[in-house]
Amino acid sequence: MLIRIARFTTRFPRAILIGALAVALLFGIFGATAASGLKSGGFVSADAESIRAAQSLTDNFDGAAPNYILLVESPAGVDAEQVRNRALQIIDVLRARADTAGVQSYWTAPSPAVASALRSTDGESGLIAVTFEGDETQVQESAGELGGQVTGTADGVTVRAGGLAATFHEVNEQITHDLAIAETAAIPLTLVVLVLVFGSLVAASLPLLVGLFAIAATLAILKLFTLFTDVSIYAMNLTTALGLALAIDYSLFIVSRFREELAAGLDPRAATVRALQTAGRTVLFSAVTVALSLSAMLVFDLYFLRSFAYSGVAVVVAAAAASIVVLPAALMLLGHRVNALDLRAPILRLFGREPAALGAMVPEQTRWYRLVKRVMRAAVPVSVVIVALLLALGSPFLSVKFGYPDERVLPTSAASRQVGDEIRAEFPRADPGGSTTIVLDGYRDERGVGDYAARLSEVDDVTAVLSSAGVYVSGNRLAPTPPGMANDSGTYLSVNTSLDPFSPAGGEQLKALRAIDAPAPALFGGSAAVNEDSLGALAARLPLAALLIILSTFVVLFLFTGSLILPLKALLLNTLSLTAAFGAMVWIFQQGHLQGLLGFTAVGYLVPTMPILMFCLAFGLSMDYEVFLLSRIREEWLRRRAGRTDSESAAADNTESVAIGVARTGRIFTAAAVLMAIVIGALTTSKVSFIQLMGLGLTLTVLADATLIRALLVPALMKLLGPLNWWAPKPLARLHERIGFSEEPAASPATAEPPVRV
């Protein structure tokens, strides 16, 4: 297939490039508005108990499940005339909207108990709690529309918006802004590194142009998916960065091999064909590996993860297709001009050195070759030290804790973050997002509700229970019945707490509340229940996702290498590098050691979807470099063992194949890792904390993988295993030979091809 593609692209290169430019323009136009259709939620299954409880509250109890909070504050106090007038004006605006299901506020509270809960302890702030109807996209659009109308400071009264809807809206805006900054920073840095790698400005520009094509394709793909299904706004950051990084990586390997074949004496057509036979085959297997790792997220019933799966797979396909089809056409037209505009040559000549051609490199004379030889001479101590180091780095992950994200993922400058912080500090009995709601469908017996509320209020760290039978604290009824908590459809109770509902302590409190016998079937909602449902949905599908990744990766690597040992080694090493990265993420983001430097707030737990997303992505990216390295090692091994059946020289051939394979690819895969780190590491500049986590975690994984793992641990282990590296049971070996997933012999410089039509 690759040979047919190579012959086609070398026959019609100009037509292919013109078509690619037209497609890129169409992608850019279509995908320009991709962000408008993306959503901020997707962390909980749509049929989870907490979601059903929230829907019941919205349908049957107006305003009982607020998703938009306005904080009205003034040094004059909440009872000052100008404060009251401003609040009532806002309430009139809210009630006039068709999508407003209910409004509660300090100034219109139906009872003193409710009013006191909606008033800050210092008396300077009051809350307006609003319930908007609609899905996540609709409520955040409502929040955006109202932001300019009702917030701001006037006559000494300040109004700020918070709650779920406002948080979603601010996150959407922040993500879009962060993406533009990340790409602006990453693209010029990428060009600089490519120039340092290639020297030639022409050669350096090719991977970057393919990467820009991948960005346009990514945005168009995301836009297309929004027409059919829910897609997370967070997917835009990652898949755009992933598309750019993979396109550059794939192009880097193909361009490098093309220049190497040119220097070896092949003409441009034959060099292009050979580059696709070898590096193109590697790119194809790498793309399949990354795509399979990402597709494992389809098993989760959360559109946050599923959107990364189908958009990520599509982006990988786009990056690989551009590298295998469009790039060879450009190489064919450029020919030897791919080495033009060598920016390194003048600098080297200043120091009395002449730039060497890529093909003139003698592997045995390189620093990489000497390094690998030294590593393999000390294979045992090198292996022990690196494995011990990675395990030590991963040890903090043993204390990992998980929790649902809230407005604290945003910086302290965000309005919704400020509102959330003040509610936690000044409204101990009225955190609309922190309380647990319990819906008793069809149950209205006041005495039974009162007994149940009294027992709930005795649970540790419960500050109050509001019910149709009254307000209960520590088992005692302290206030009369708040109105609106019972009707013909049933009853609901609100359990206020002093704990962070997303923390492990909040989860334990929820278990204690569930353990109390309810007088009727109960639906638990609120933040702690949402958190529990999210963690439960992930835990239920995680083993299946991990199994799919392991099996699919093993099969692909077996087809690539024909070995049973190399896939096992790759799986173990990838897991080891990921363990170290996960440990670092706990140390940094859960324990908060670098929160001042990175500008985030540590809340004592990690967003649970992030390690899963990182695992799928990092596993695929680590296999990316494994495939690149093994391709050259295997090529050298097959060349050395061609026609030889003796076992005596096998160990020496294995050692030399590893050394030469690393020598030929070390500079390239290190450059690829640096480029990947620049593009994905740019996500660390995001102001959304778990996007920072993902960017930094993936960057550390890629860099550790290309240095400690591929340059040191892989050679050491392959030396220890010797010829066993290439072993497979005879039935599987025959199967691999029959399938024929091997590149054809090298093309001759005189290979006859039809004339090129340009």
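This one's a predicted model, so the numbers in the text were calculated from it and none came from an experiment. The first residue in the sequence is number 1, and the count goes up from there. Side-chain atoms are counted along with the backbone in the values below, which use heavy atoms only and exclude waters and symmetry mates.
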| Worked verdict on Leu57 versus Thr437 for side-chain contact (heavy atoms from CB on, under 4.5 Å) | CA-CA 9 Å; Leu57 290 172; Thr437 53; 3.6 Å; yes
| field | CG on Leu292 to SG on Cys616, rounded to 0.5 Å | value | 11.5 Å
| When you measure from the side chain of Ser457 to the backbone N and O of Gly475, does any donor-acceptor pair fall under 3.5 Å? | yes
Please table the atom pairs, donor to acceptor, closer than 3.5 Å between any side-chain atom in residues 601-609 and protein atoms at least two apart or in another chain.
from   : atom 1 : to     : atom 2 : distance (Å)
Thr601 : OG1    : Arg417 : NH1    : 3.1
Thr601 : OG1    : Arg417 : NH2    : 2.8
Tyr605 : OH     : Arg408 : NH2    : 3.3

| query | Passes side-chain contact (heavy atoms from CB on, under 4.5 Å), Tyr492 versus Leu440? Steps please. | reply | CA-CA 6 Å; Tyr492 82 92; Leu440 303 176; over 6 Å; no
| task | Heavy atoms only: give me the nearest Val139-Ala165 pair and the separation to one decimal. | result | O-CB, 3.4 Å
| said: For a 4.5 angstrom cut-off between non-hydrogen side-chain atoms, does Glu422 reach Ser125? | reply: yes
| field | Heavy-atom closest pair, residues Val78 and Trp107 | value | O-NE1, 2.9 Å
| Asp461: what forms a side-chain hydrogen bond (donor to acceptor under 3.5 Å, both in side chains) with it, not counting sequence neighbours? | none
Which donor-acceptor pairs under 3.5 Å do the side chains of residues 80-87 make with protein atoms, sequence neighbours left out?
from  : atom 1 : to     : atom 2 : distance (Å)
Asn85 : ND2    : Glu81  : O      : 3.3
Arg86 : NH1    : Val157 : O      : 3.1
Arg86 : NH2    : Gly152 : O      : 3.2

| request: Name all residues meeting the side-chain hydrogen bond (donor to acceptor under 3.5 Å, both in side chains) criterion together with Ser416; count only those two or more places apart in sequence or in a different chain, and write none if there are none. | output: Glu170
| task | Find the distance between CD (Glu532) and CZ (Phe524) and round it off to the nearest 0.5 Å. | result | 9.5 Å
| query | Between the main-chain N or O of Asp460 and the side-chain N or O of Gln509, is there a donor-acceptor pair closer than 3.5 Å? | reply | yes
| Residue list, side-chain hydrogen bond (donor to acceptor under 3.5 Å, both in side chains) with Asp99, at least two apart or on another chain | Arg97, Ser142
| task | Spell out, as yes or no, whether a donor-acceptor pair under 3.5 Å connects the side chain of Asn496 to the backbone of Thr463. | result | no
| said: Looking at Ser295 and Ala291, would you say the former's side chain and the latter's main chain have a donor-acceptor pair under 3.5 Å? | reply: yes
| Between Ser474 and Asn476, a side-chain donor and acceptor under 3.5 Å | no
| Arg541 (side chain) donor-acceptor with Val299 (main chain) under 3.5 angstrom | yes
| So do the side chains of Val471 and Val465 get within less than 4.5 Å of each other, counting heavy atoms only? | no
| Does Asp79 CG have over 12 foreign heavy atoms under 6.0 Å away? | yes
| field | Validation row: Asp301, Asp47 side chains within 4.5 angstrom (heavy atoms) | value | yes
| field | Reported OH-to-NE2 distance for the pair Tyr68 and His169, which is rounded to 0.5 angstrom | value | 8.5 Å
| query | Between Phe402 and Asn531, which heavy-atom pair has the shortest distance, and what is it? | reply | O-ND2, 4.3 Å
| request: Quick one: pull up CZ in Phe225 and OG in Ser232 and give me the separation to the nearest 0.5 Å. | output: 14.0 Å
| field | Asp421 side chain near Arg424 side chain, heavy-atom distance below 4.5 Å | value | yes
| remark: Scanning both residues in full, the closest heavy-atom pair of Phe61 with Ser489 reads CZ-OG, 3.8 Å
| request: Side-chain contact test, heavy atoms from C-beta onward, threshold under 4.5 Å: evaluate it for Tyr303 versus Thr229 and give yes or no. | output: no
| Which atoms form the tightest heavy-atom contact between Ile69 and Gly163, and what is the distance? | CG1-CA, 4.0 Å
| 4.5 Å side-chain heavy-atom contact, Val231 and Tyr310 | yes
| request: For the residue pair Thr153 and Thr158, confirm or rule out a side-chain donor-acceptor distance under 3.5 Å. | output: yes
| message | Using salt bridge (Lys or Arg N to Asp or Glu O under 4.0 Å), reason through Glu508 and Lys511 one step at a time and then give a plain yes or no. | response | CA-CA 5 Å; Glu508 291 300 318; Lys511 291 179 182 177; 3.6 Å; yes
| request: Measure the CG-CZ distance between Leu456 and Arg514 for me, rounded to the nearest 0.5 Å. | output: 12.0 Å
| Main-chain N/O of Ala54 paired to Thr58 side chain as donor or acceptor, under 3.5 Å | yes
| request: First locate atom CD of Glu173, then atom CZ of Phe168, and finally report the distance between them rounded to the nearest 0.5 Å. | output: 14.5 Å
| Side-chain heavy atoms of Asp533 within contact of Ile51, under 4.5 Å | no
| task | Kindly indicate, with the supporting measurements, whether the criterion side-chain contact (heavy atoms from CB on, under 4.5 Å) is fulfilled by Val400 and Gln590. | result | CA-CA 8 Å; Val400 67; Gln590 179 177 305; 3.7 Å; yes
| Intermediate values then yes/no, salt bridge (Lys or Arg N to Asp or Glu O under 4.0 Å), Arg444 and Asp488 | CA-CA 8 Å; Arg444 298 182 58 209; Asp488 292 340; 3.6 Å; yes
| Taking the side chain from Thr100 and the backbone from Gly102, do they hold a donor-acceptor pair closer than 3.5 Å? | no
| said: Checking Leu466 against Met485 for the side-chain contact (heavy atoms from CB on, under 4.5 Å) test, could you report, in this order, the C-alpha distance in whole Å, the side-chain angles of both residues, the deciding distance, and whether it holds? | reply: CA-CA 8 Å; Leu466 282 67; Met485 304 194 76; 4.0 Å; yes
| query | Out of Phe582, Phe589, Phe615, which residue meets the ring-ring contact (aromatic ring centres under 6.0 Å, His included) rule with Phe397? | reply | Phe582
| message | Using every non-hydrogen atom in the two residues, find where Tyr452 and Leu513 come nearest and quote the distance to one decimal. | response | OH-O, 4.5 Å
| said: Do Asp122 and Glu426 make a side-chain contact, defined as non-hydrogen atoms from C-beta onward lying under 4.5 Å apart? | reply: yes
| Residues forming a side-chain hydrogen bond (donor to acceptor under 3.5 Å, both in side chains) with Thr176, sequence neighbours excluded | none
| field | Exceeds 12 heavy-atom contacts within 6.0 angstrom, atom NZ of Lys687 | value | no
| Ring-face cation of Arg306 near Phe300 (centre distance under 6.0 Å, axis angle within 45°) | no
| task | Could you tell me whether the side chain of Ser50 and the main chain of Gly526 form a donor-acceptor pair under 3.5 Å? | result | no
